[in-house]
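Scroll down for the structure; my scribbles are underneath it.
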Amino acid sequence: MSDSETLKPTAARRARGTQTAGPEAQQHLLRAADELFYREGVRTVGVDAVVERAGVNKMSLYRQFSSKDELVMAYLERKDEQFFGYVEKSFAKHPDEPARQLQQYFDDLAVRASVDDYRGCPFVNVAVEFSDTTHPARQFVFRNKERLMARLLELTTAAGADDPVALANGLGLMIEGVYAASQTYGPGCGPILAAPKVAAQLIAAACSGTQAG
């Protein structure tokens with residue numbers, strides 16, 4: 001949805017919304033939730049705001065999602081797909097070169113975390129908002145992070161690291177540090193720009209004879 005569409009008068013959006021149903025309505029709602037939840041926070045944004053941004057009526061929302069919690073889980077699924085899309089796109093730049101794949105991810109993350117409106121990791125943000133670790137949203141966060149760590153471990157092992165688990169854990173810690181620094185120091189800050197170099201040093205030290213980049 002373009003910026004010009006989001007600025008149309010409320011009545012116009014609602015008029016269009018009454019004619020939007022099924023998969024089309026679902027996509028409008030997911031795009032709106034993606035934007036609002038990521039920028040403003042899951043708990044802060046109510047369903048009325050999502051409906052308004054999506055340009056559909058509230059009945060359309062409840063036909064697609066039985067509750068706000070269900071919409072939140074759909075948002076997390078969407079973010080999970082986007083996130084691993086970024087990860088694999090970085091890795092794909094250096095097929096069969098695991099050390100360089102790891103390095104490339106940090107190079108790309110530093111660029112992404114330097115965009116002015118970057119709001120950090122959506123999964124970290126959700127974890128902060130939901131204190132109950134048994135909540136489905138928190139459990140989703142755990143699964144996302146576990147999947148990332150498993151992927152890192154695959155590559156540190158393939159790269160011939162002396163201690164693949166230790167290297168994967170170190171790189172995982174640095175990734176979380178980039179997310180945090182983007183919100184505390186600000187996007188494009190010194191710690192973010194230093195991350196690729198530090199990652200290269202860790203990878204080179206752990207992988208005998210490997211040139212990380």
Side-chain angles (χ1 to χ4, degrees), residues 25-54 58 61-91 102 105-106 108-110 112-113 115 117-156 164-187 189 191-192 195 199:
Q26 184 179 73
Q27 289 307 307
H28 286 317
L29 288 162
L30 284 172
R31 283 195 294 269
D34 192 324
E35 178 182 347
L36 293 172
F37 287 166
Y38 181 65
R39 190 182 68 221
E40 300 179 18
V42 169
R43 289 199 178 277
T44 301
V45 175
V47 294
D48 288 342
V50 175
V51 166
E52 179 72 12
R53 178 57 57 90
K58 190 177 287 189
L61 185 148
Y62 287 115
R63 286 196 188 104
Q64 303 300 322
F65 306 99
S66 62
S67 64
K68 182 182 175 182
D69 278 348
E70 189 173 313
L71 178 61
V72 170
M73 297 306 293
Y75 159 74
L76 290 173
E77 291 280 2
R78 183 183 174 95
K79 282 300 185 188
D80 187 71
E81 183 177 349
Q82 291 173 351
F83 173 74
F84 283 103
Y86 294 140
V87 171
E88 296 302 332
K89 183 177 180 180
S90 289
F91 294 163
L102 291 166
Y105 180 69
F106 278 90
D108 291 342
L109 177 60
R112 193 162 74 252
V115 176
D117 62 352
Y118 185 67
R119 283 284 292 126
C121 173
F123 304 100
V124 172
N125 297 346
V126 165
V128 171
E129 290 193 84
F130 291 86
S131 60
D132 180 4
T133 58
T134 66
H135 190 283
R138 283 296 297 276
Q139 291 297 311
F140 194 104
V141 171
F142 291 140
R143 291 193 297 274
N144 171 271
K145 298 300 181 180
E146 287 173 354
R147 182 180 169 191
L148 174 61
M149 288 304 302
R151 195 69 178 92
L152 293 175
L153 182 57
E154 285 180 14
L155 291 181
T156 59
V165 173
L167 178 57
N169 285 335
L171 296 177
L173 177 62
M174 285 190 59
I175 291 169
E176 297 301 310
V178 170
Y179 296 148
S182 72
Q183 303 307 297
T184 53
Y185 291 93
C189 63
I192 289 175

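Nothing here was measured: the structure is a model prediction, and the numbers come from that model. Side-chain atoms are counted along with the backbone in the values below, which use heavy atoms only and exclude waters and symmetry mates.
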Listed partners of Glu88 passing salt bridge (charged side-chain N to carboxylate O under 4.0 Å, His left out), at least two apart:
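In terms of salt bridge (charged side-chain N to carboxylate O under 4.0 Å, His left out), with neighbours along the sequence ignored, Glu88 is linked to Arg151.
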
Supply the atom-to-atom distance [X] [atom1] to [Y] [atom2], rounded to the nearest 0.5 angstrom.
X      : Y      : atom1 : atom2 : answer
Gln139 : Thr133 : CD    : OG1   : 6.5 Å
Lys68  : Arg43  : NZ    : CZ    : 7.5 Å
Leu152 : Phe91  : CG    : CZ    : 6.0 Å
Leu148 : Leu153 : CG    : CG    : 11.0 Å
Ile192 : Leu109 : CD1   : CG    : 8.0 Å
Leu102 : Leu155 : CG    : CG    : 4.5 Å

Donor-acceptor contact below 3.5 Å, side chain [X] vs main chain [Y]:
X      : Y      : answer
Glu35  : Val50  : no
Glu129 : Val42  : yes
Asp34  : Arg78  : no
Asn169 : Val165 : yes
Lys79  : Cys121 : no

Least distance between heavy atoms, [X] atom then [Y] atom:
X      : Y      : result
Phe84  : Asn144 : CE1-ND2, 3.6 Å
Leu30  : Ala74  : CD2-CB, 3.6 Å
Arg53  : Leu36  : CB-CD1, 3.8 Å
Val87  : Tyr105 : CG2-CE1, 3.8 Å
Pro187 : Tyr118 : CG-O, 4.1 Å

Using side chain to side chain contact (heavy atoms under 4.5 Å, CB included), reason through Asp80 and Arg143 one step at a time and then give a plain yes or no. CA-CA 10 Å; Asp80 187 71; Arg143 291 193 297 274; over 6 Å; no

Checklist entry - Taking the side chain as C-beta and beyond, is there a heavy-atom pair between His135 and Asp69 under 4.5 Å? => result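 Touching, per the 4.5 Å side-chain cut-off.
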
Margin query: Assess the residue pair Asp48 and Lys58 against the criterion (side chain to side chain contact (heavy atoms under 4.5 Å, CB included)); give the C-alpha distance rounded to whole Å, side-chain angles, the decisive distance to 0.1 Å, and a yes or no.
Written below: CA-CA 7 Å; Asp48 288 342; Lys58 190 177 287 189; 2.6 Å; yes

Review point. What pairs of residues pass the ring pair (Phe, Tyr, Trp, His ring centres under 6.0 Å) test when at least one of them lies in residues 30-54, not counting sequence neighbours?
Key: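 Residue pairs with at least one partner in residues 30-54: Phe37-Tyr75.
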
Taking Tyr62 as the fixed residue, which of Val51, Leu71, Val47 is the one that meets the side-chain contact (heavy atoms from CB on, under 4.5 Å) rule?
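That would be Val47; it is the only one of Val51, Leu71, Val47 passing the side-chain contact (heavy atoms from CB on, under 4.5 Å) with Tyr62.
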
Counting only pairs under 3.5 Å, give me each side-chain donor-acceptor contact of residues 173-182, with atom names and distances, residues two or more places apart or in other chains.
unit_1, atom_1, unit_2, atom_2, d
Glu176, OE2, Lys145, NZ, 2.8
Ser182, OG, Tyr179, O, 2.7

Going through the checks in order, is the side chain to side chain donor-acceptor pair (under 3.5 Å) test met by Glu40 and Thr44?
CA-CA 7 Å; Glu40 300 179 18; Thr44 301; over 6 Å; no

